[in-house]
Structures are given as C-alpha cells and as structure tokens.
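Report on one structure; see the data block that follows.
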Amino acid sequence: MAVLKVKFTKTRRGKLAQVLWILNWVSVVTGLIIFSLGLYLKIEVKKRSELMISRDLQTVPNMLIAVGTIACVINFFGGKICYDCSDANKFSRWKLFMLPYIICTFFFTFCVFAGAIMCYTMRNELESALYRGLKDALKYYKDTDIPGRCFLKSTIDMLQIEFQCCGNNGFRDWFEIQWMSARYLDMSSKEVIDRFKSNVDGKYLLDGVPFSCCNPSSPRPCIQYQITNNSAHYNYDYLAEELNIWIRGCREALLDYYDQLMQTIGLTVLIVWLFELSVLTGVRYLQTAMENVLILGDPESESHGWLLENSCMETAKQNFKVIKNLGKANQISTLSGKSDPNVDIPIADYGPDNVPPGSIPTVS
C-alpha cells in the first residue's frame, strides 16, 4: 500500500510543477544564503586567528560554503526538471533521471542538517582555542619590536576596546605577566630593579592594566595602575566601589559573540533544511504522478502520486534484499575469479603446438 497517496488531475499536476519551479529558484537563493553565511563565518574566524591556537575551526565554515554551492547547483537543475514536468511529453526525457535525482537530493539534505548541527557543536573547540590563544597573545603583548609578534599589542588593544573586555579571564590576568617592554623601563631606577627582583621569574610585574581596559563611560579618570592599592588614590576603595576598567574577560566576550553568531547561522540552516525537505517532497509527488500518467497513456487522465510505493516496512525489506543480493553477487564473482589459476595468463605464440604443419621439415 502506497504511503501518503494523493490524487492529481492534469490541472493540479501543472500547478504543482509551476509551484515547484518557483520554490526551486527560491532554494537557489537559500543556497546562496548558506554560502554567504559560511563565507562570513570563515572571515570572522580568520580575522581573529592570531588569538586562536587550533587550526580546525575552518571545518564548519568550509562545510557551509560547500553545502551552499551544491544546493545552488542541485536546485538549479531541479527548477529545470520541474518546469519540463508540467508536460507529459517533456517529462519522458527526465523519467530515468528523476529517481536518482530525488535519492541524491534526499541524502544531500542530511549534509545540510549536519551543517546546522555542527554550528551548535563548535563552542567547545572555540573555547579551547581562545583560552590557549589569548593566553599566549597576552604573554607577547610587550614584544612590539619582535617580528611575528609586533602586531599583537594592537590586536589585543583593539579587541579589548571593541568587546569591552580585559585580559583572558579577567583584568587580573595582566597582574601575572610582564606586559611592558624593557625598552620603555628605566633600568637605572631602584624601583624598577626592585620590582624585577620581587618575583622568582625576574619579570616586571605590577597591579596595572593597559589603557585599552579603561571604561570611557566612567566619570572618574581611569585608574589603570596600582589598582589594588587604596592608599595610592584619593577617595578610593578597591573592594567597595565599582572599578572603572572592564571586568569581563575577553575569552568570555568572544565566546558570547561567536555563540550568538553560530546560533543564528545554525537556526537559519535548519530552516533551509526544512524548506529543502518540503520542496523534495513535492518533487517526489510530481515524479510519481507523472510516471503514472505515462503508464495510463492518457495525458488528460487523473493519476496518483505518493512518497513511497509500498509501506515503510516493505520498502525497507526490499532495499535490504537488494543490498544483500548485491553482496552475494560480489562474493560469487570474487570466488569465481579465484577458481581458475590460469586466468589472465598470456598464451605464448611459439612452441611445437603453434608451428604450422607446412613449416615442419620432412625426411625424404
């Protein structure tokens, strides 16, 4: 018994073909949208690649770009097929091509679905990549005169200003590293020398942060040095009042940004996936209805269309039998090929058996 069987008149078949032609062109546009979202995500990840350690973050953008490109090609041909399927005579040209097209498109929709799921599972990779990448970037903040690292100071400053953040996990990260280059320190000063000697690693550590951590909305001038020293500032209590520097860490800020971006892209791709499935369902109905018209031999007659010719269980059993028979045929052909050890051995064109009788000398 056919699954979801529907009766179509000639007029309904024509309207279905026209609607599907339009929807396939809409699907081309949705393919371009997925391609554009993948390209935008690729650019956003690449833009801050120097702050990330992992190199596997381009998998999701590349997946979306590939899926969007293939979707445009598939739906372009789908629109051409649906346009011709409005006429029974033109449909005969596509009859053998229709079922493979539907099967390939059905499996392709799972790639679209996989792309959407990958958008939601990218957070863990991002979190790990940002944690290690930002930690190293802060460490090299002071190396403005070293090739390969000189751009990091500008990158970190712009990041903290744009995302209103400070440090990796928070502003205290700056207390644990030397972020001022020795070339800008007076090495003859006793205070500087004492600060170098005050820790085991011999670094110039202080309870201060770069200027980019300052909150410009604060009414008080930015306190970026001696943040934890209440006596160094007038009317200041480090623990009691709100600091005029950014409290949130940059890793959290970037994760929130990418999370929002990935959720938006993932939701968009999921909607496109559902739309592709609905269009594919319509194409399946059109294909089966037009094939039944050819069987009846009357283009004006009514015909039935369905999703599956038999029930789901029967269809699954038939497909399993086909796969099983293919496996047996392959096994038999393999064994038969091994039964004759002389297969594909060339026969020599010389020897006593190949010498013509006339060429053998006779004794007189």
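Side chains included, hydrogens not; waters and symmetry mates left out as well; all remaining heavy atoms used.
- Using modelled atom types, no side-chain atom of Ser128 and backbone atom of Glu125 make a donor-acceptor pair closer than 3.5 Å.
- Residues Leu32 and Leu37 do not share a hydrophobic cluster, defined by chaining ILVMFWY side chains whose heavy atoms lie under 4.5 Å apart.
- Applying the side chain to side chain contact (heavy atoms under 4.5 Å, CB included) criterion to Leu274, with sequence neighbours excluded, gives no partner residue.
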Below 3.5 Å, can you tabulate the donor-acceptor pairs from side chains in residues 19-27 to any protein atom, sequence neighbours excluded?
| from | atom 1 | to | atom 2 | distance (Å) |
| --- | --- | --- | --- | --- |
| Asn24 | ND2 | Leu20 | O | 2.8 |
| Ser27 | OG | Leu23 | O | 3.0 |

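- Between Asp207 and Phe171 there is no side-chain heavy-atom pair separated by less than 4.5 Å.
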Could you please spell out the steps behind the side-chain contact (heavy atoms from CB on, under 4.5 Å) verdict for Glu276 and Phe113?
CA-CA 10 Å; Glu276 291 281 352; Phe113 180 74; over 6 Å; no
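- Among Glu50, Gln160, Lys47, the one residue that satisfies the side-chain contact (heavy atoms from CB on, under 4.5 Å) test with Thr155 is Glu50.
- For Lys46, the side chain to side chain contact (heavy atoms under 4.5 Å, CB included) criterion is met by Ser49, Gln58, not counting sequence neighbours.
- To the nearest 0.5 Å, atom CG of residue Leu270 and atom CD of residue Gln263 are 11.5 Å apart.
- With sequence neighbours left out, the ring pair (Phe, Tyr, Trp, His ring centres under 6.0 Å) criterion links Tyr141 to Trp174.
- Ile33 and Ile271 end up in the same hydrophobic cluster when Ile, Leu, Val, Met, Phe, Trp and Tyr side chains are linked at under 4.5 Å.
- Between atom CG of residue Asp256 and atom CZ of residue Arg251 there is a gap of 11.0 Å, rounded to the nearest 0.5 Å.
- Thr268 OG1 to Ile34 CD1: the interatomic distance, rounded to the nearest 0.5 Å, is 9.0 Å.
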For the pair Ile81 and Gln287, evaluate side-chain contact (heavy atoms from CB on, under 4.5 Å) and give the outcome as yes or no after the intermediate values.
CA-CA 10 Å; Ile81 293 171; Gln287 178 239 341; over 6 Å; no
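- Ring planes of Tyr236 and His233: perpendicular class, angle over 60° (limits at 30 and 60°).
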Take Leu254 and Leu159, measure what side-chain contact (heavy atoms from CB on, under 4.5 Å) needs, and give me the verdict at the end.
CA-CA 9 Å; Leu254 281 173; Leu159 174 70; 3.8 Å; yes
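- The number of heavy atoms from other shown groups lying within 6.0 Å of NZ (Lys42) is above 12.
- In plain terms, the two heavy atoms of Gly266 and Cys119 that are nearest each other are CA-CB, 3.8 Å.
- Annotation: cation-pi geometry satisfied between Arg195 and Tyr204 (NZ/CZ under 6.0 angstrom from ring centroid, within 45° of ring axis).
- Among residues two or more places apart in sequence or in another chain, the ring pair (Phe, Tyr, Trp, His ring centres under 6.0 Å) test is passed with Tyr257 by Phe163.
- Contact detail for Ala129 and Leu57: the closest heavy-atom pair is CB-CD1, 3.9 Å.
- A donor-acceptor pair under 3.5 Å links the side-chain atoms of Asp173 to the main chain of Asn168, judged by distance alone.
- Partners of Ser36 under the side chain to side chain contact (heavy atoms under 4.5 Å, CB included) rule, at least two apart in sequence or in another chain, do not exist in this structure.
- Note: Arg284 CZ to Ile102 CD1 = 5.5 Å, rounded to the nearest 0.5 Å.
- Proximity of Leu41 to Met262: side-chain heavy atoms (C-beta onward) are separated by under 4.5 Å at one or more points.
- Listed by chain and number, the residues in a disulfide bond (SG atoms under 2.5 Å apart) with Cys165 are Cys250 (sequence neighbours excluded).
- No more than 12 heavy atoms of other residues, nucleotides or ligands sit less than 6.0 Å from atom CZ of Phe76.
- Taken together through direct or relayed side-chain contacts under 4.5 Å among Ile, Leu, Val, Met, Phe, Trp and Tyr, Leu185 and Tyr225 form part of one hydrophobic cluster.
- Leu205 belongs to no hydrophobic cluster, as no Ile, Leu, Val, Met, Phe, Trp or Tyr side chain comes under 4.5 Å of its own.
- When all heavy atoms of Pro221 and Asn244 are compared, the closest pair comes out as O-ND2, 2.8 Å.
- Gln224 contributes atom CD, which lies 9.0 Å from atom OG of Ser212 (distance to the nearest 0.5 angstrom).
- Between Ile223 and Ile245 the shortest heavy-atom distance is O-CG2, 3.9 Å.
- Of the options Thr264, Ile265, Asp259, a side-chain contact (heavy atoms from CB on, under 4.5 Å) to Leu261 is made by Ile265 and by none of the others.
- Once rounded to the nearest 0.5 Å, the distance linking CD1 of Ile156 with CG of Leu134 reads 6.0 Å.
- Using a distance-only test at 3.5 Å, with no hydrogens or angles considered, no donor-acceptor pair links the side chain of Trp273 to the main chain of Phe110.
- Other members of the hydrophobic cluster containing Ile65, listed by chain and number, are Phe35, Leu39, Ile43; membership follows side-chain contacts under 4.5 Å among ILVMFWY residues, whether direct or relayed.
- Under the side chain to side chain contact (heavy atoms under 4.5 Å, CB included) criterion, Ile146 pairs with Asp143, Arg149, sequence neighbours left out.
- Summarising the geometry of Ile193 relative to Met187, their closest heavy-atom pair is CD1-O, 3.2 Å, with the distance given to 0.1 Å.
- Residues Arg12 and Val6 approach most closely at NH2-CG1, 4.0 Å, considering heavy atoms.
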Given the rule in the side-chain contact (heavy atoms from CB on, under 4.5 Å) test, do Val45 and Met52 qualify, once you have shown the distances and angles that lead to the verdict?
CA-CA 9 Å; Val45 173; Met52 304 176 188; 4.3 Å; yes
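- Under the 4.5 Å side-chain heavy-atom criterion for ILVMFWY residues, a single connected hydrophobic cluster contains both Leu267 and Met63.
- No salt bridge links Asp136 with Arg132; every basic N to acidic carboxylate O contact stays at or beyond 4.0 Å.
- Not a single donor-acceptor pair under 3.5 Å links the side chain of Ser181 to the backbone N or O of Tyr184.
- Ile177 and Tyr131 fall into different hydrophobic clusters, defined by Ile, Leu, Val, Met, Phe, Trp and Tyr side-chain heavy atoms under 4.5 Å apart, directly or through other members.
- A salt bridge links Arg48 with Glu44: the distance from a Lys NZ or Arg NE/NH1/NH2 to an Asp or Glu carboxylate oxygen falls below 4.0 Å.
- Residue Ile161 belongs to a hydrophobic cluster whose other members are Phe211, with links defined by side-chain heavy atoms closer than 4.5 Å.
- Grouped by direct or indirect side-chain proximity (heavy atoms under 4.5 Å, Ile/Leu/Val/Met/Phe/Trp/Tyr only), Phe151 sits with Tyr140, Leu152.
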